[in-house]
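Report on the following structure.
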Amino acid sequence: MTNTLDDIQARESRFVLQTYRRQPVAFVRGEGTRLYDVDGREYLDFISGIGVASLGHAHPGLAAVIAEQARTLLHTSNLYFHPFQADAAGRLSALSGLARAFFCNSGTEANEACLKFARRYWHTQGVKGRTGFVAVQHAFAGRTIGALSVTFDEHYRAPFTPLLEPVTFVDPASPDSLFAAVTDRTAAIIAEPIRGEGGIRPLPRAFSDAIVDVCRQTGTLLIADEVQTGLGRTGAAFHSHTLGWRPDLISVGKALGSGVPVGAALVSERVAAAVSPGDHGSTYGGNLLATRAAAFFLEQLTDHGLMDHVKTVGAHFERQLRTLALKHPVIVETRGAGLMRGVELRIDATPVIDQARAHGLLVNRTSETVVRLLPPLTVEASEIDRAVEILDGVLATIGAEVHA
Ligand SMILES: Cc1ncc(COP(=O)(O)O)c(C=O)c1O
């Protein structure tokens with residue numbers, strides 16, 4: 001069995017369920033912000049497995065703790081105690097101000113858990129009809145049925161209806177629509193502080209403030225979906241905190257394990273008090289490997305200066321992208337915070353993604369016209385300069401074609 005790209009593609013097309021449209025490249029090795037394909041070609045990775053490889057690839061410290069854990073004990077299930085759930089949960093609690101963590105294996109499961117815990121809260125209060133959710137247009141919360149139900153894009157939803165009900169999507173351009181949508185049937189509002197898959201779209205300030213007001217006025221729970229924005233990505237532990245939100249529930253995933261699959265639902269004391277043993281669970285959730293990796297990542301984030309690093313290089317990134325936007329009329333605008341950036345184009349972003357890859361830069365397309373950049377949190381300013389230089393060249397070529 002050989003491992004050329006052609007062989008891998010042929011084997012996949014025969015045996016793997018075709019749910020993904022992959023780009024024609026296969027990676028076998030990584031180091032920091034670099035990835036290497038089957039032919040040994042080097043790429044600058046500015047998508048980091050969609051915001052996952054937070055410590056970069058093959059981080060020596062993470063590799064050491066994972067290897068040590070693999071040699072010692074990987075999994076025992078939630079039938080028993082082990083030391084690392086409490087380590088990771090304690091760190092998450094210190095960062096979030098929320099009392100407790102429930103561990104799962106992905107972002108969608110973290111949201112699924114938050115939706116369940118929100119309903120559980122009202123059920124425990126004896127308020128039986130408060131089961132609905134209010135979500136935001138262009139939101140993406142994941143692919144399981146609950147998370148899909150609060151995901152906006154019809155393309156993802158339509159083949160799988162009926163979904164969870166009632167869910168109302170509100171237009172963030174209209175804070176009034178939020179006040180109208182939240183009723184005495186609403187269990188929770190779920191919102192990403194910056195919509196990620198939806199095109200790196202921050203929420204308008206007035207809408208963000210309306211979320212805080214309506215929750216305060218109605219007692220509605222707030223679920224901050226920080227799967228993409230959270231844990232340092234925007235230069236803050238939680239982007240929702242920078243907006244003044246005080247969520248009762250926060251979902252996290254992606255960066256948490258820096259490549260080891262782990263997610264978590266973080267819950268306030270009052271929601272935690274409503275949850276009983278047996279209400280929710282996961283065989284893998286919070287196993288020794290996953291929570292050891294998570295604890296290691298969180299330690300790097302807070303005790304080893306990673307968050308400060310993101311603030312510094314994130315500001316540099318913003319300046320570089322703004323300069324790029326001034327140069328290229330094909331750019332509508334650049335958006336985002338920290339190391340979560342989107343460049344909205346006047347054209348479909350696909351050729352830019354393809355040409356960037358041909359020049360050794362990995363980025364991805366979201367919301368059709370947006371080039372999304374999510375480098376590892378460890379990225380260096382010089383690597384940002386190189387990535388922007390590659391994009392500059394690609395946009396010059398494509399921009400010339402657009403105007404020809
Ligand atoms: C904001 C947000 N929530 C939830 C998810 C789902 O996470 P996962 O793909 O790990 O299930 C994603 C994934 O992109 C996301 O961006």
Side-chain angles (χ1 to χ4, degrees), residues 19-22 47-54 102-118 133 135-153 155-157 160 163-164 167 169 172 188-203 208 211 222-234 236 238-240 243 245 247 249-266 282 284-286 290 293-294 297 335-342 363-367 370 372-374 377:
T19 59
Y20 301 107
R21 221 174 270 118
R22 299 195 206 283
I47 195 63
S48 64
I50 323 186
V52 167
S54 44
F102 169 86
F103 288 101
C104 52
N105 315 287
S106 64
T108 198
E109 286 172 79
N111 280 326
E112 207 70 31
C114 287
L115 298 173
K116 283 184 71 177
F117 296 150
F133 296 98
V136 181
Q137 290 181 3
H138 300 290
F140 181 89
R143 310 293 197 136
T144 50
I145 291 289
L148 187 61
S149 304
V150 291
T151 289
F152 182 66
D153 194 332
H155 177 74
Y156 296 141
R157 299 165 56 89
F160 304 105
L163 298 174
L164 198 68
V167 174
F169 288 96
I189 298 170
I190 177 166
E192 296 157 83
I194 299 175
R195 285 156 295 162
E197 301 295 318
I200 314 290
R201 290 175 213 265
L203 292 172
S208 170
I211 289 179
L222 174 58
I223 303 169
D225 179 350
E226 294 252 24
V227 170
Q228 196 162 146
T229 48
L231 302 176
R233 170 61 55 193
T234 68
F238 295 100
H239 199 69
S240 55
L243 302 177
W245 299 4
L249 300 117
I250 300 180
S251 53
V252 291
K254 291 192 184 284
L256 182 58
S258 195
V260 175
V262 54
L266 314 181
S282 161
Y284 281 130
F297 163 72
R335 298 189 288 260
L339 293 174
M340 178 175 182
R341 298 281 164 189
V363 288
N364 99 315
R365 166 185 177 261
T366 184
S367 195
V370 178
R372 177 168 53 170
L373 303 113
L374 300 170
L377 305 186

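In each ligand, atom 1 is the first atom listed, and ligand 1 is the first ligand listed.
- Judged by the shortest distance from any of its heavy atoms, Ala141 lies inside the 4.0 Å radius around the atoms of ligand 1.
- Below 4.0 Å from some heavy atom of Glu192 lie the following atoms of ligand 1, by number and element: 1 (C).
- When all heavy atoms are compared, the tightest approach of Asn111 to Ala141 is ND2-O, 2.9 Å.
- Within the listing of ligand 1, atoms 3 (N), 4 (C) sit less than 4.0 angstrom from a heavy atom of Asn111.
- Polar contact with ligand 1: absent for Gly142 (N/O pair, distance under 3.5 Å).
- Heavy atoms of Glu197 found under 4.0 angstrom from ligand 1 belong exclusively to the side chain.
- Residue-ligand proximity: Ile50 is placed with every non-hydrogen atom at 4.0 Å or more from ligand 1.
- Among all non-hydrogen protein atoms, the one lying nearest atom 3 (N) of ligand 1 is Asp225 OD2, 2.8 Å.
- Thr234 and Thr229 are not linked by any side-chain donor-acceptor pair at a separation below 3.5 angstrom, with hydrogens and angles left out of the test.
- Closest approach of Gly198 to Thr366, counting heavy atoms only: N-OG1, 4.3 Å.
- With rounding to the nearest 0.5 angstrom, the CE atom of Met340 is 7.5 Å from the CZ atom of Arg372.
- Any N or O atom pair closer than 3.5 Å counts here, and Glu109 shares no such pair with ligand 1.
- Looking only at protein heavy atoms, the nearest one to atom 7 (O) of ligand 1 is Gly107 CA, 3.3 Å.
- Atom 5 (C) of ligand 1 has as its closest protein heavy atom Val227 CG1, 3.7 Å.
- Here the shortest heavy-atom pairing between Cys114 and Ala265 reads SG-CB, 3.8 Å.
- Counting only N and O atoms by type, the side chains of Arg195 and Ser367 include no donor and acceptor under 3.5 Å apart.
- Using a 4.0 Å cut-off between heavy atoms, Thr229 makes no contact with ligand 1 at all.
- For ligand 1, the atoms lying closer than 4.0 Å to a non-hydrogen atom of Thr108 are 6 (C), 7 (O), 8 (P), 11 (O).
- Scanning both residues, Phe169 and Thr151, for their nearest heavy atoms gives CZ-O, 3.3 Å.
- Protein heavy atom closest to atom 16 (O) of ligand 1, with residue, atom name and distance, is Gln228 NE2, 2.7 Å.
- In terms of protein heavy-atom proximity, atom 2 (C) of ligand 1 is closest to Phe140 O, 3.3 Å.
- The shortest heavy-atom contact between Val136 and Phe152 is O-CB, 4.1 Å.
- For atom 10 (O) of ligand 1, a protein heavy-atom neighbour is found at a distance under 4.0 Å.
- Nearest heavy atoms, Leu164 versus Gly146: CD2-CA, 4.2 Å.
- Of the candidates Val52, Ile200, Val252, Ile194, Gln228 forms a side chain to side chain contact (heavy atoms under 4.5 Å, CB included) with just one, namely Ile200.
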